[in-house]
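Scroll down for the structure; my scribbles are underneath it.
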Protein chains: 2
Amino acid sequence: MTYTIKEVATKVGLTAYTLRFYDKQGLLPFVGRDQSGYRDFTEGDLHLLHTIICLKNTGMPISHIRQYIDYVMQGPQSIEQRRQLLNTHREAILAQQVKIMANLKEIDFKLDMYSDPAASELVNEELAQAKAEKEAEGLPDPFILVD
Amino acid sequence: MTYTIKEVATKVGLTAYTLRFYDKQGLLPFVGRDQSGYRDFTEGDLHLLHTIICLKNTGMPISHIRQYIDYVMQGPQSIEQRRQLLNTHREAILAQQVKIMANLKEIDFKLDMYSDPAASELVNEELAQAKAEKEAEGLPDPFILVD
DNA sequence: ATAAACCTTAGAGTATTGTCTAAGGCAAGT
DNA sequence: ACTTGCCTTAGACAATACTCTAAGGTTTAT
């Protein structure tokens with residue numbers, strides 16, 4: 001059983017445009033064509049496409065995914081390179097996670113403030129300080145309070 | 001004490017170009033100007049910029065950050081909107097984390113395979129299956145094995 | 001046989017987020 | 001006064017990742 005580009009697009013949640021774009025970018029060199037020149041996706045192709053989507057979903061740029069696919073096309077001789085590429089990516093993902101979580105903590109701090117019953121007072125205090133600082137520096141007050 | 005655009009850029013790890021770009025995008029309406037028309041960042045401005053960078057680092061698009069800043073400029077009356085915006089973003093971050101972690105698991109599975117002493121055999125098995133499937137569908141074998 | 005619904009390619013267009021250049025003003029040191 | 005090194009703006013350019021249009025070929029149903 002093989003699949004058309006539209007069927008694959010539906011299956012994996014991408015558009016046919018995007019799949020053709022990926023092919024243009026060298027991400028799908030393994031996809032064959034039928035007698036009319038139409039792309040013919042096998043189950044194995046779907047498996048590889050799934051890997052491509054995993055890499056994409058974790059933020060790997062297309063150029064790096066292409067490198068990985070190039071390695072795959074070379075067969076078992078490139079296993080060590082693949083391992084290194086994926087491991088480097090893995091480290092990048094984890095580092096990114098740490099960074100995001102640190103930033104999320106600060107956002108949560110703001111959220112806590114906004115959820116406080118006295119939020120209005122707390123915000124007004126910040127605001128008063130910012131305004132005072134602007135005044136001390138001879139700068140105009142940029143906060144337009146319709147309040 | 002106030003800071004020039006270059007000092008701020010160094011302090012927060014962005015370029016002066018990027019800060020001007022953010023200003024153009026309406027992210028820095030609170031930054032004042034000195035008598036020469038130069039941007040004059042107060043400590044309070046740095047605080048707000050820090051929040052902007054937190055949102056940026058967690059993947060919020062500039063258009064949404066601008067919305068948040070617009071709310072901040074309106075004073076305490078917009079607290080509920082700010083809370084909603086940040087909370088929606090928080091949920092998006094967490095959902096993204098879950099997605100990334102699920103994808104990372106699959107990458108880790110590949111890494112485990114590539115790290116296996118019998119990696120070559122495992123990869124060859126996959127390859128043989130993919131080749132057989134191509135053959136069964138009358139498609140050419142796209143795998144160039146220099147091996 | 002003809003319409004509808006696919007598929008193909010090349011290439012144009014879009015969105016986002018910067019990054020830099022050009023032309024010129026301002027401030028400090030020699 | 002003049003050089004150096006800031007700053008300003010407008011706008012050009014770039015990288016990334018799509019997204020779509022145009023023109024045309026194929027397949028299927030009626």
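The chains referred to below are lettered A, B, ... by the order of the sequence lines, with proteins before strands, and numbering in each begins at 1.
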### Task
Would you classify A/Thr4 as touching base, sugar-phosphate or nothing, given that sugar-phosphate means primed atoms plus P, OP1 and OP2, and contacts are heavy atoms under 4.0 Å?
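Since only primed, P, OP1 and OP2 atoms lie under 4.0 Å of A/Thr4, the category is sugar-phosphate.
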Quickly work out the [X] [atom1] to [N] [atom2] distance and round it to whole Å.
{"X": "B/Leu19", "N": "D/dT9", "atom1": "CG", "atom2": "C1'", "value": "16 Å"}
{"X": "A/Leu28", "N": "C/dT8", "atom1": "CG", "atom2": "C1'", "value": "15 Å"}
{"X": "B/Glu7", "N": "D/dG5", "atom1": "CD", "atom2": "P", "value": "17 Å"}
{"X": "A/Tyr3", "N": "C/dC6", "atom1": "OH", "atom2": "C1'", "value": "19 Å"}
{"X": "A/Ile5", "N": "D/dT26", "atom1": "CD1", "atom2": "C1'", "value": "15 Å"}
{"X": "A/Asp40", "N": "C/dT8", "atom1": "CG", "atom2": "C1'", "value": "14 Å"}
{"X": "B/His64", "N": "C/dT17", "atom1": "NE2", "atom2": "P", "value": "10 Å"}
{"X": "B/Phe41", "N": "D/dC6", "atom1": "CZ", "atom2": "C1'", "value": "15 Å"}

Run the salt-bridge test on [X] and [Y] with the 4.0 Å N-O cut-off and return the result as yes or no.
{"X": "B/Arg90", "Y": "A/Asp108", "value": "yes"}
{"X": "A/Lys110", "Y": "A/Asp116", "value": "no"}
{"X": "A/Asp45", "Y": "A/Arg39", "value": "no"}

Presence of [X] side-chain N/O under 4.0 Å of [N] phosphate oxygens OP1/OP2:
{"X": "A/Arg33", "N": "C/dT9", "answer": "yes"}
{"X": "A/Ser63", "N": "D/dT16", "answer": "no"}
{"X": "B/Arg39", "N": "D/dT9", "answer": "yes"}
{"X": "B/Thr18", "N": "C/dT19", "answer": "yes"}
{"X": "A/Tyr22", "N": "D/dC18", "answer": "yes"}

### Nearest-neighbour nucleotide for the A/Lys56 side chain, D/dC18, D/dT9, C/dC26 considered
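Shortest atom-to-atom distance from the side chain points to D/dC18.
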### Query
Nearest of C/dT9, C/dG25, D/dT26 to any side-chain atom of A/Tyr38?
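Looking only at heavy atoms from C-beta outward on A/Tyr38, the closest nucleotide is D/dT26.
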### Query
Of B/Arg20 and A/Gly59, whose nearest nucleotide on DNA chain D comes first from the 5' end?
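Mapping each residue to its closest nucleotide by heavy atoms, the 5'-most match is B/Arg20.
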Donor-acceptor pairs under 3.5 Å, side chain of residues 65-72 of chain A to any protein atom, not counting sequence neighbours: which ones?
from: A/Arg66; atom 1: NH1; to: A/Gln25; atom 2: O; distance (Å): 2.6
from: A/Tyr68; atom 1: OH; to: B/Tyr114; atom 2: OH; distance (Å): 2.6

### Any donor-acceptor N/O pair under 3.5 Å between D/dG5 base and B/Lys6 side chain
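Answer is no: no donor-acceptor pair is held.
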### Message
Using only modelled atom types and a 3.5 angstrom limit, is any donor from either the side chain of A/Lys24 or the base of C/dG11 paired with an acceptor on the other?
### Response
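Answer yes: a donor N or O sits under 3.5 Å from an acceptor.
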### Task
Return the 5'-most residue of the pair B/Tyr17, B/Phe21 with respect to DNA chain C, ranking by each residue's nearest nucleotide.
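Of the two residues, B/Phe21 wins.
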List the atom pairs, donor and acceptor, that lie under 3.5 Å between side-chain atoms in residues 94-107 of chain B and the rest of the protein, sequence neighbours left out.
from: B/Asn103; atom 1: ND2; to: B/Lys99; atom 2: O; distance (Å): 2.7
from: B/Glu106; atom 1: OE2; to: A/His50; atom 2: NE2; distance (Å): 3.4

